[in-house]
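Okay, so here's the structure we're looking at.
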Amino acid sequence: MAVLAGTAMAGCGPGGKPTGDTGSKAARTFADVDRSQWPDATPRRGLAKGLELPLERYMQSYEQRVAIDQAVRDQQTACMATFGFAFRPPPAGTTPPPNPNDANMERRYGITDRVVAEQHGYGLAKGEPPAGASSPKLSEAAAMVLSGGVREGDTKSSAPTSYEGREIPEGGCSGWAPRKVGAEGLDFSLVSRLNYESLARSQEKPKVRAALRSWSRCMKKKGYEVAIPFDAIHLTTGKGNGSEKAVAIALADIDCKKSTDLVSVWYRVDSGIQREQIEQHRAGLETSRKRNEAAVRTAERLLRG
């Protein structure tokens, strides 16, 4: 799925009717979003290059998330415009995470990219994500219409049913917008749980345990006592993830993974477990996937205008 660039949305109010010029001002584009900072869908280099797990089919990609988020934000802007409020949240996609989905293939089995390790040790190549733009400040009335409630201190009560003669949708514009896009109720808890379980279970399988022992022996020969890759970063305690010592350990870590074929062995076992999980939970996974894809299609349509 490709997120649409340079698209505009013709705003619609809560009743689904065009809002004219005020609504068209809600149109957003991705022109001001640096997509080069977005995580790759699959690793492009290193020991995990091109690897994709079976359960990733059922996860929401970052690109899909951005499309849905932007469509929701556009709809919030259009909804607020029908009440006479100029509201434009910052564009989606400006604060990308380091990984595209819950699988986190680049570091699922520990670090795998030697180029990154040479420069950053156990640190991330892109460092901290860029700071996103802050949400616009709202008047009390605008905040009421947006949230559908009235806040007094730490408590929140229901807002009036209308504002200046126009009905406020349930949950305010912030509640109406996800419903308009079809994003309300998207649930990835099942695939997230299975993804976590497959990684945990794979570590107990004989082939992976044998590969881990080989990796540990390799690390010991290089002067590092560590049982599993996830603990290697602790050897850098007090030095920093990107220190000279961390770089040396990270390179040894990756070289030992390569010489013992740890990543390939682990990936194959992990994938086998996930294929079994999919057979056992196919109905629930398919329901979640189809709902997500329907929301993406709606988001794309709204972004096109």
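Just so it is clear, the values below take in all heavy atoms, side chains as well, and ignore hydrogens, waters and symmetry mates. Because the structure is a prediction, the values reported are computed rather than measured.
Asp255 CG to Trp215 CH2: the interatomic distance, rounded to the nearest 0.5 Å, is 12.0 Å. Taken from CZ in Arg88 to CZ in Arg73, the straight-line distance is 14.5 Å, to the nearest 0.5 Å. Note that SG of Cys79 and NZ of Lys180 are 10.5 Å apart. Values are rounded to the nearest 0.5 Å. Going from atom CG of Asn104 over to atom CG of Asn99 covers 4.0 Å, rounded to the nearest 0.5 Å. Asp113 CG to Leu47 CG: the interatomic distance, rounded to the nearest 0.5 Å, is 8.5 Å. Atom NE2 of His281 and atom CD of Glu286 lie 14.0 Å apart (nearest 0.5 Å).
Around the CZ atom of Arg291, the shell of radius 6.0 Å holds no more than 12 heavy atoms that belong to other residues, nucleotides or ligands. The neighbour count for Arg282 CZ, taken as heavy atoms of other residues, nucleotides or ligands under 6.0 Å away, is above 12. Around CD of Glu118, the count of heavy atoms belonging to other residues, nucleotides or ligands within 6.0 Å exceeds 12. More than 12 heavy atoms of other shown residues, nucleotides or ligands fall within 6.0 angstrom of atom CZ in Arg193.
Donor-acceptor pairing under 3.5 Å is recorded for the side chains of Asn101 and Glu56. For the 3.5 Å distance criterion, the side chains of Asp270 and Tyr109 qualify, holding a donor opposite an acceptor. Between the side chains of Asp74 and Thr77, not a single donor N or O lies within less than 3.5 Å of an accepting N or O. At a cut-off of 3.5 Å, with distance as the only test, no side-chain donor of Asp187 or Ser288 sits close to an acceptor on the other residue. Inspection of the Arg108 and Asn195 side chains reveals an N or O donor paired with an N or O acceptor under 3.5 Å. Using a 3.5 Å distance cut-off with no hydrogens or angles, the side chains of Ser174 and Gln76 do not pair a donor with an acceptor. With 3.5 Å as the limit, one finds a donor-acceptor pair spanning the side chains of Asn292 and Gln64. Side-chain atoms of Arg217 and Ser214 form a donor-acceptor pair, as typed in the model, at a separation below 3.5 Å. Between the side chains of Tyr122 and Asp253, at least one donor N or O sits under 3.5 Å from an acceptor N or O.
Side chains of Pro96 and Pro39 form a contact here, defined as non-hydrogen atoms less than 4.5 Å apart. Thr161 is not listed as a side-chain neighbour of Glu167, based on a closest heavy-atom distance of 4.5 Å or more. Under the 4.5 Å side-chain criterion, counting only non-hydrogen atoms from C-beta, Met80 is in contact with Val145. Counting heavy atoms from C-beta on, the side chains of Met144 and Ile168 come closer than 4.5 Å. Side chains of Phe83 and Glu164 form no contact here, defined as non-hydrogen atoms less than 4.5 Å apart. Proximity of Met59 to Phe188: side-chain heavy atoms (C-beta onward) are nowhere separated by under 4.5 Å. Proximity of Arg107 to Thr112: side-chain heavy atoms (C-beta onward) are nowhere separated by under 4.5 Å. Residues Glu52 and Met105 fail the side-chain proximity criterion, which asks for heavy atoms closer than 4.5 Å.
Taking hydrophobic clusters as Ile, Leu, Val, Met, Phe, Trp and Tyr residues chained together by side-chain heavy-atom distances below 4.5 Å, Leu199 does not share a cluster with Val191. Cluster membership check: Ile254 shares its hydrophobic cluster with Val208, using side-chain heavy-atom separations under 4.5 Å among Ile, Leu, Val, Met, Phe, Trp and Tyr. Two different hydrophobic clusters hold Val247 and Ile233 under the rule that ILVMFWY side chains link at heavy-atom gaps under 4.5 Å. Under the 4.5 Å side-chain heavy-atom criterion for Ile, Leu, Val, Met, Phe, Trp and Tyr, Tyr224 and Leu262 are members of the same hydrophobic cluster.
Of the possible donor and acceptor atoms, none in the side chain of Arg268 sits under 3.5 Å from a partner among the backbone N and O of Val263. Checked by atom type and distance alone, the side chain of Arg44 never pairs as donor or acceptor with a backbone atom of Asp40 at under 3.5 Å. Side-chain atoms of Ser259 come within 3.5 Å of backbone atoms of Cys256 as a donor-acceptor pair (strictly under, hydrogens ignored). Checked by atom type and distance alone, the side chain of Ser216 never pairs as donor or acceptor with a backbone atom of Arg213 at under 3.5 Å. Gln277 places a side-chain N or O within 3.5 Å of a backbone atom of Leu194 that can act as its donor or acceptor partner. Between the side chain of Arg166 and the backbone N or O of Thr82 there is at least one donor-acceptor pair closer than 3.5 Å. Remark: side-chain polar atoms of Ser162 are not paired, donor with acceptor, to backbone N or O of Gly165 under 3.5 angstrom.
Of all non-hydrogen atoms in Val226 and Leu235, the two that sit nearest each other are CB-CD1, 4.2 Å. Counting all heavy atoms, side chain and backbone alike, Arg209 lies closest to Gln203 at CG-O, 3.2 Å. Here the shortest heavy-atom pairing between Ser271 and Leu53 reads OG-CD2, 3.4 Å. The shortest non-hydrogen separation linking Pro229 to Leu212 is CD-CD2, 3.5 Å. Leu190 and Leu285 make their closest contact through CD2-N, 3.8 Å (heavy atoms, listed as atom of the first residue, atom of the second, distance). Closest heavy-atom contact between Pro54 and Ile278: CB-CD1, 3.6 Å.
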Item to complete: Would you check, one step at a time, whether the test side-chain contact (heavy atoms from CB on, under 4.5 Å) holds for Leu186 with Ile68?
Response: CA-CA 11 Å; Leu186 291 181; Ile68 291 173; 4.1 Å; yes
Practice prompt. Report the C-alpha separation of Lys245 and Thr236 in whole Å, then their side-chain angles, then the decisive distance to 0.1 Å, and conclude whether the side-chain contact (heavy atoms from CB on, under 4.5 Å) test is met.
Written response: CA-CA 7 Å; Lys245 179 180 180 181; Thr236 70; 5.6 Å; no
Worksheet item: What do the steps show when you test Val116 against Arg45 for side-chain contact (heavy atoms from CB on, under 4.5 Å), and what is the final call?
Response: CA-CA 10 Å; Val116 173; Arg45 66 188 179 204; 3.6 Å; yes
Worksheet item: When you look at Trp266 and Phe230, which way does the ring-ring contact (aromatic ring centres under 6.0 Å, His included) test go after all the steps?
Response: CA-CA 13 Å; Trp266 204 338; Phe230 303 136; 5.6 Å; yes
Item to complete: Evaluate salt bridge (Lys or Arg N to Asp or Glu O under 4.0 Å) for Asp69 paired with Arg65, printing each intermediate quantity in order.
Response: CA-CA 6 Å; Asp69 284 352; Arg65 190 193 321 169; 5.5 Å; no
Discussion item. Applying side-chain hydrogen bond (donor to acceptor under 3.5 Å, both in side chains) to Ser198 and Gln274, what does each step give before you reach the verdict?
Written reply: CA-CA 6 Å; Ser198 75; Gln274 290 198 358; 3.0 Å; yes
Discussion item. With side-chain contact (heavy atoms from CB on, under 4.5 Å) as the criterion, how do Trp176 and Gln75 come out once you've worked through the C-alpha distance, each side chain's angles and the decisive distance to 0.1 Å?
Written reply: CA-CA 8 Å; Trp176 172 82; Gln75 293 301 309; 3.3 Å; yes
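Look at Glu204 and Arg201 and you find no salt bridge, because none of the NZ, NE, NH1 or NH2 atoms lies under 4.0 Å from a carboxylate O. The existence of a salt bridge linking Arg35 and Glu63 is confirmed by a sub-4.0 Å separation between a basic side-chain nitrogen and an acidic carboxylate oxygen.
Taking the ring-ring contact (aromatic ring centres under 6.0 Å, His included) definition, one finds that Tyr163 meets it with Phe85, sequence neighbours left out.
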